Amino acid sequence: MVLGDITRQNVTAIVNAANSTLLGGGGVDGAIHNAGGPDILKECQEIRRTVYPDGLPTGQAVITTGGKLPAKYVIHTVGPIYGREPDRESELLAACYQNSLLLASQHSISSIAFPSISTGAFGYPKSEAAKVASTAIKNFLSGDTQIEEVRLVFFQQRDARVFLEYQEFE
Ligand code: APR
């Protein structure tokens, strides 16, 4: 766990809390596109044109260049908007972590940084998200040998404190 800006993390891949358009936004999405430059958006547009013409579904993940970021890759995933699908939101949030980790492992990526997906504009309660994210990461890593570091990046101290209190790693 670290406090800081995900765009500054020196890992092989960082995860973007994107929306289904893959065409940018605010928060983490805005920060990554601003810091990473236009090549990231170009590859997102190509993914929309070829693989996901109707947009990236919630819970799915795709990978692009990291552009000018320290990270080589950006893995874009779309978290659930809290309250949209009450009986599926935890499963969809878990899928964001699992599919991002799976993509990283498939690309022989050994270090990956996550923001706190869905807990900003998408309104997922941070305490609930902490349980879902930690369980999904723990379960994935128990069956994977490729990934060596999963870094959880928090923008504010209080977010890190909430995560620490509600995580279920141990
Ligand atoms: N580095 C790390 N964490 C960050 C950063 C950053 N540079 N900027 C924001 N955060 C934190 C927020 O404080 C929040 O805890 O990331 C978490 C996720 O917030 P959002 O970026 O709002 O992501 P999300 O809640 O998944 O909403 C996604 O917002 O930006 C738009 O295009 C995006 O429509 C999508 C929606």
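Residue numbers run from 1 in the order of the sequence given. Nothing here was measured: the structure is a model prediction, and the numbers come from that model. Whatever order the structure lists them in is the order used to number ligands and atoms, beginning at 1. As a basis for the values below, the full set of heavy atoms in this structure was taken, side chains included, without hydrogen atoms, waters or symmetry mates.
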Distances under 3.5 Å, N/O of ligand 1 against N/O of the protein: list each pair and its distance.
residue	atom	partner	partner atom	Å
ligand 1	1 (N)	I6	N	2.9
ligand 1	7 (N)	D5	OD1	3.0
ligand 1	15 (O)	T119	OG1	3.1
ligand 1	15 (O)	K126	NZ	3.4
ligand 1	21 (O)	V28	N	2.8
ligand 1	22 (O)	A121	N	2.8
ligand 1	25 (O)	G120	N	2.8
ligand 1	25 (O)	A121	N	3.1
ligand 1	25 (O)	F122	N	3.1
ligand 1	26 (O)	S118	N	2.9
ligand 1	30 (O)	G26	N	3.0
ligand 1	30 (O)	G26	O	2.8
ligand 1	32 (O)	N19	ND2	2.8
ligand 1	32 (O)	D29	OD2	2.8
ligand 1	34 (O)	N19	ND2	3.2

Check step by step if side chain to side chain contact (heavy atoms under 4.5 Å, CB included) holds for S110 and E149. CA-CA 6 Å; S110 56; E149 179 188 356; over 6 Å; no
N99 and T77: CA distance, side-chain angles, deciding distance, side chain to side chain contact (heavy atoms under 4.5 Å, CB included) verdict: CA-CA 8 Å; N99 288 327; T77 191; 5.7 Å; no
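Residues passing the ring-ring contact (aromatic ring centres under 6.0 Å, His included) test with F154, sequence neighbours excluded: F163.
Heavy atoms of other residues, nucleotides or ligands lying less than 6.0 angstrom from NZ of K131 number more than 12.
Looking at T65 and D39, their side chains never bring a donor and an acceptor atom within 3.5 Å of each other.
Contact of the T12 side chain with the I112 side chain is not registered, since no non-hydrogen atoms from C-beta on lie closer than 4.5 Å.
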